[in-house]
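Following: one structure in structure tokens, then a few remarks.
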Number of protein chains: 2
Amino acid sequence: MHSHAPREKEPCFEQCPVLIRETLDLIAAKWTVPIFFALQSASGPVRYAELQRRLGDITPKELAKHLRNFETAGLVERTVHPTVPPRVEYALTELGESLLPSLQTLADWAIRFGAVVAENKMSNERSAPVRLIKAAGIK
Amino acid sequence: MHSHAPREKEPCFEQCPVLIRETLDLIAAKWTVPIFFALQSASGPVRYAELQRRLGDITPKELAKHLRNFETAGLVERTVHPTVPPRVEYALTELGESLLPSLQTLADWAIRFGAVVAENKMSNERSAPVRLIKAAGIK
DNA sequence: CGGCATCCTCGAGGATACTG
DNA sequence: CAGTATCCTCGAGGATGCCG
């Protein structure tokens, strides 16, 4: 047993691909990061309309859908004040806040290297449009 | 100027939403993380077929497409050995490796809290199937 | 104010088959 | 061996309109 390969580190991905996939799907959803940072920078509950205002062009449907998902996932707490007009506030839970450092780490990479990646794409993608023509026409 | 708000930290997302979005799209693509870890755990160039074998059920099309994207982005280096049969090897560049710690940070969160999130969804989602019926039938 | 219900588009990604 | 070429599905997410 434990014959040849020491298996020195065995990346986490091998251990629980499903959890990682679901986490990636969570944070990669179009509005997840904007919403999280909007709730963070508020440091305090934020009303639905205020959230919508900060996020610019998000539709009510998308905002509501995401907030519901976050709520059932335990990442966001929803508080309804039974007043007229209705007042609904949202805030990150501890669990939700625990995700922020990871998001920040990723954002740091994006800021440091994202531009380089973009430049690479630009300079590699372009040129060689010739290949679109090939031995055009003849077959 | 700098009148009222100190703007203490201004989350990175506000500074460069585009770079962050592109980075999220990059790492959230279905096969990005598997491919990166497959190339890392190899510590050395990996042949196309070997990569496909490690990734299990990825199709040739998807594997090739991702590898091309990574190559043009400067994240992966592709080396062709002009032998028969052909031999093509892939390896992470320094830029590609620089992304690994961020991925690991995210994976750590997934392993620590992913299960909790999944449980929350389970227990919150379920129950109240009654609402599917409403005042069923009557208008 | 704080949503929900519909319709629709668009592209990621799978299945399958073929090639230099 | 290392891909390319086609076709097709499926769901995220936008647009629009209505409601308690």
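For the numbers below, each heavy atom of this structure counts, side chains included, while hydrogens, waters and symmetry mates do not. Note that the structure is a prediction, hence the values are computed from the model and not measured. In what follows, chains carry the letters A, B, and so on, assigned in the order in which the sequence lines appear, proteins first and then strands, with residues in each chain numbered from 1.
- Checked by atom type and distance alone, the side chain of B:T23 never pairs as donor or acceptor with a backbone atom of A:A110 at under 3.5 Å.
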Q: Begin from the C-alpha positions of A:L99 and A:L26 and carry the test side-chain contact (heavy atoms from CB on, under 4.5 Å) through to its verdict.
A: CA-CA 11 Å; A:L99 188 52; A:L26 170 69; 4.0 Å; yes
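- Atom CG in B:L63 sits about 17 Å away from atom C1' in D:dA5, given to the nearest Å.
- With A:T93 contributing its side chain and A:G96 its backbone, the two residues share a donor-acceptor pair below 3.5 Å.
- Ring pair A:Y90/A:F70: centre-to-centre distance not below 6.0 Å.
- For the pair B:Y48 OH and D:dC1 P, the interatomic distance rounds to 12 Å; values are reported in whole Å.
- Here D:dA2 presents its P atom at 9 Å from CD of B:E89, a figure rounded to the nearest Å.
- No more than 12 heavy atoms of other residues, nucleotides or ligands sit less than 6.0 Å from atom CD of B:E77.
- Using a cutoff of 4.0 Å between basic side-chain nitrogens and carboxylate oxygens, B:R87 and B:E89 are scored as salt-bridged.
- Between the CZ atom of A:F70 and the P atom of C:dG3 there is a distance of 14 Å, rounded to whole Å.
- In the helix from C:dC1-D:dG20 to C:dG20-D:dC1, the terminal helix axes, each the rotation mapping four pairs' C1' atoms onto the next four within five end pairs, subtend 50°, rounded to 10°.
- Distance, A:R21 CZ to D:dG11 P: 15 Å, rounded to whole Å.
- In this structure, A:Q52 atom CD and D:dG14 atom P are separated by 12 Å, rounded to whole Å.
- At whole-Å resolution of the value, CZ in A:R53 and C1' in C:dC1 are 15 Å apart.
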Show each protein N/O and nucleotides 12-16 of chain C N/O combination with a separation under 3.5 Å, one pair to a line.
unit_1: C:dG13; atom_1: OP1; unit_2: B:K30; atom_2: N; d: 2.9
unit_1: C:dG14; atom_1: OP1; unit_2: B:K30; atom_2: NZ; d: 2.3
unit_1: C:dG14; atom_1: OP2; unit_2: B:W31; atom_2: NE1; d: 3.3
unit_1: C:dG14; atom_1: N7; unit_2: B:K61; atom_2: NZ; d: 3.4
unit_1: C:dG14; atom_1: O6; unit_2: B:K61; atom_2: NZ; d: 2.3

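- Between B:R87 and D:dA2, a side-chain N or O to OP1/OP2 separation shorter than 4.0 Å is absent.
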Q | Step-by-step side-chain contact (heavy atoms from CB on, under 4.5 Å) determination, B:R54 to B:S41 | A | CA-CA 11 Å; B:R54 292 189 194 184; B:S41 62; 3.9 Å; yes
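- Checking side-chain atoms of B:Y48 against main-chain N and O of B:P60 turns up a donor-acceptor pair under 3.5 Å.
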(Q) Would B:L92 and B:L75 count as a side-chain contact (heavy atoms from CB on, under 4.5 Å) here? Give the steps. (A) CA-CA 6 Å; B:L92 291 178; B:L75 298 167; 5.7 Å; no
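- As a whole-Å value, the separation of A:Y90 OH from C:dC1 C1' is 11 Å.
- Mapping A:R68 and A:P85 onto DNA chain C by nearest heavy atom places A:P85 at the nucleotide closer to the 5' end.
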